[in-house]
Protein chains: 2
Amino acid sequence: MDNVKQQVLKMIENSKNEIITRVQEIVRYPSVTGEEKDAQAYVSRMLKELSFYVDIWEPTMDEMEINPDFLAARDHFDGSPNVVGVLKGKGGGKSILLNGHVDVVPEGDNDWDDSPWSGKLEDGKIYGRGASDMKGGIIANIMAVKAIIASGIKLKGDVIIESVIGEETGGGGTLSAISRGYKANGAIVSEPTDLQVCPVSMGAMWFRITVKGLAAHAGTSYLGINAISKASKIIQKLDEFEARRVKLKKHELYQHMAVPFAVNIGTIKGGVFPTSVPDEVIIEGRMGVSPDEEIREARKDLEDAVYEVSEKDNWLKEHMPKIEWYGFCISSGGVDRDHAIVKAINDNYKYVKGSEPVVVGTPWGTDAGALNRYGNTPTVIFGPGPGETAHKANEYVEVEKLMEATKVIACTILDWCGYEQ
Amino acid sequence: MDNVKQQVLKMIENSKNEIITRVQEIVRYPSVTGEEKDAQAYVSRMLKELSFYVDIWEPTMDEMEINPDFLAARDHFDGSPNVVGVLKGKGGGKSILLNGHVDVVPEGDNDWDDSPWSGKLEDGKIYGRGASDMKGGIIANIMAVKAIIASGIKLKGDVIIESVIGEETGGGGTLSAISRGYKANGAIVSEPTDLQVCPVSMGAMWFRITVKGLAAHAGTSYLGINAISKASKIIQKLDEFEARRVKLKKHELYQHMAVPFAVNIGTIKGGVFPTSVPDEVIIEGRMGVSPDEEIREARKDLEDAVYEVSEKDNWLKEHMPKIEWYGFCISSGGVDRDHAIVKAINDNYKYVKGSEPVVVGTPWGTDAGALNRYGNTPTVIFGPGPGETAHKANEYVEVEKLMEATKVIACTILDWCGYEQ
């Protein structure tokens, strides 16, 4: 076994230039929501060159029904194809699914030192929107399999490589792939965990709270009800609610985070003029969900907190704030930290790196939630990118970690699927 | 005397059609800020027909310096002329100044039943933007003098009729007229008091508070500082501050108002995305100022309240909210309720209406503040329009009250200026 792994690791080492080039090339496709097509064609070509059976299709909304809490920040997937490649094994081994999303968040208003789509290599880092989150991970997945194939090794179990769309807008691509039947005995989602091994990912969902007041001229403000003052009570209650969650929702894989499942109020907007009493405030935010928590249960807890403070206010109790769950809802979920797929990654991390991996939960939602909950596929999250650069200017992935992730994933595939030489 | 007054009242009664027509005509000029010129030409023609000496000029910013706290929601007055007419008396009487503003607030998004500039007469009401606030008042001022002239009465004191611009944006027109030397022994501002006699008007000014936070991804929100949460502390403090002002700033002419000098938070805006910790919130509002209170003193009180709550917060004390006074600041001010000009109006209200007037302070700022403070002109506020319809859709003035205001103002002029027949 060691001999085979060493051969594959050497093959990956020899592919370093190709790995770098592949990441640079795929980063140059600006695959923001709705514009994933060209990047997907690129992935599809890579998979076909490796003799994968390649399935390309546009997801449909009815495929989302397997997740009863599904919400997306898009209402269709036209022009946004999923790409899944299947490499059949010889039989007698366990199947593995390697999942990555090709869609990226917009480049943003922030100051990039270079074009967000440059793919520039500098000081051992490849820059660009998606380099870390998570085109680096997609290339690691594919290049791990390529090294195995190039080493003349025949895997016993099937390998499924997924390049999905729609993760940044709610996880529609992976749900569609599950609905289409793509499941496996184990899976790796190579999101930017910075080589930490993550058996679980938190859920995340968006909320909108509308607080009503009563308009009046500011000179006779006592004839109105100030919606901004009322909203401030809701805000302070949500802060208390978050503090209570820190105590109630402890999780062994989130002990490193001061507030693991945050209730973040992200935006507020209300009123039209300094001299009018504002009659409406809209608050939007994001709630993190524990891997042990159901979406509905988490929603109800937040709603109860808002209703509780509103009941104590003479106006609000008659004009209850409206709470909507909109735009984005990605399921939490995971496997036990002693699960075989976690052990396989851990062992090979040690084999490649010579040290113990850090094992924690992810600070954001990933498609692992859906794979675990709705795909019946035990899934771990492990990838090369640094999470801190994701969604920001000057996003990058380090070449060294890209190489290490590719190696760990390749060795994990060998152990998991079994092989013949 | 009664004989003379009866003659003038009869003349006004006979002018009812003209009064209605004049209000309709002047309402049809959409004299929003920057577009006052045509309405002013109309006023100017009326004054010239009555043989007034007419002064027309565009105010300049240096004329505002008489009010050290001046702030305006406009940075020049080009194309926005003031019109002042002077009718010299025979001598030996007191002078009177009749002030009105020709600028109106925008028609707004609200649903008008008819065009905002229709001047429609229906069920004894004349409709249109400015009908109440305060073109009805301007016509009452002019028609009161016209009735006196038409009755063949020679006044002893001078009459100054001002049709100013810029009241709705901070009072620049009246300040300019004061700087130009227009002062008198007494004045009436015919703002829409609904025939209440107002010896004082409150001040009003706008503030903007910027609260800073620290951006972070919502998943690791504890690495950031939520500006919306911090802003909620400021909002609650301002609510407490307002409640304290209700106790501290009592005024005999504002006992009818539950919160006379309100601290109204009118708008709030902060954050960019549900999944980001917001790093800035901007709050804008309007603070009412007691007639007994100095602008600077009121500003400092609000600033102290914000600083006080900020000092108790570890983040805010190092990142103090920025407080700006911007856009609009109109001075409070007034005369004693026993002042001769108030008595003159009160007596003639009783003479015309047969009942005691209601004597209170205005719920908004008026140009009376500047006339009293910077113009050394004892000024009372009294006019026909209903304040509730001002700045709203379907603004109107009642013909009956228009007639009564004209009569009360005419009789007051007779008493104040003295006359020869």
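What you see is a predicted model, and the numbers here were worked out from it, not measured in a lab. Below, read A as the first sequence line, B as the second, and so on, with proteins coming before strands; counting in each chain starts at 1.
Using a 4.5 Å cut-off between heavy atoms, A:Glu388 does not touch chain B at all. Only the side chain of B:Tyr326 comes within less than 4.5 Å of a heavy atom in chain A; its backbone stays farther off. Heavy-atom distances place both the backbone and the side chain of A:Val277 under 4.5 Å from chain B. Contact of B:Ala204 with chain A is not made at all, since no heavy-atom distance falls under 4.5 Å. In this structure, the portion of A:Ser276 lying under 4.5 Å from any heavy atom of chain B is its backbone and not its side chain.
Per-residue counts of heavy-atom pairs under 4.5 Å with chain A were compared for B:Gly327, B:Ala390, B:Ala258; the largest is that of B:Ala258. Heavy-atom pairs under 4.5 Å with chain B peak, among A:Leu223, A:Ile268, A:Leu238, at A:Ile268. Of all the listed residues (A:Gly285, A:Gly224, A:Ala262), the one sharing the greatest number of non-hydrogen pairs under 4.5 Å with chain B is A:Gly285. Comparing A:Phe273, A:Phe261, A:Trp364 by heavy-atom pairs within less than 4.5 Å of chain B, the highest count is held by A:Phe273. Among the candidates A:Gly271, A:Ser232, A:Ser221, the residue making the largest number of heavy-atom pairs closer than 4.5 Å to chain B is A:Ser232.
The shortest side-chain heavy-atom distance between B:Thr220 and A:Met257 falls under the 4.5 Å cut-off. The closest side-chain heavy-atom distance from B:Thr275 to A:Asn264 is not below 4.5 Å. Put simply, the side chain of A:Gln236 reaches to within 4.5 Å of the side chain of B:Lys233, judged on heavy atoms.
Across A:Gly266 and B:Pro278, no two heavy atoms sit closer than the pair O-CB, 3.5 Å. Between A:Ile228 and B:Thr267, the shortest heavy-atom distance links the atoms CD1-C, 3.5 Å. B:Ala218 and A:Arg286 make their closest contact through CB-CD, 3.5 Å (heavy atoms, listed as atom of the first residue, atom of the second, distance).
Looking only at distances, no side-chain donor or acceptor of A:Asp239 sits under 3.5 Å from a matching main-chain atom of B:Ser229.
Shown here is B:Lys212, whose NZ atom has no more than 12 heavy atoms of other residues, nucleotides or ligands within 6.0 Å.
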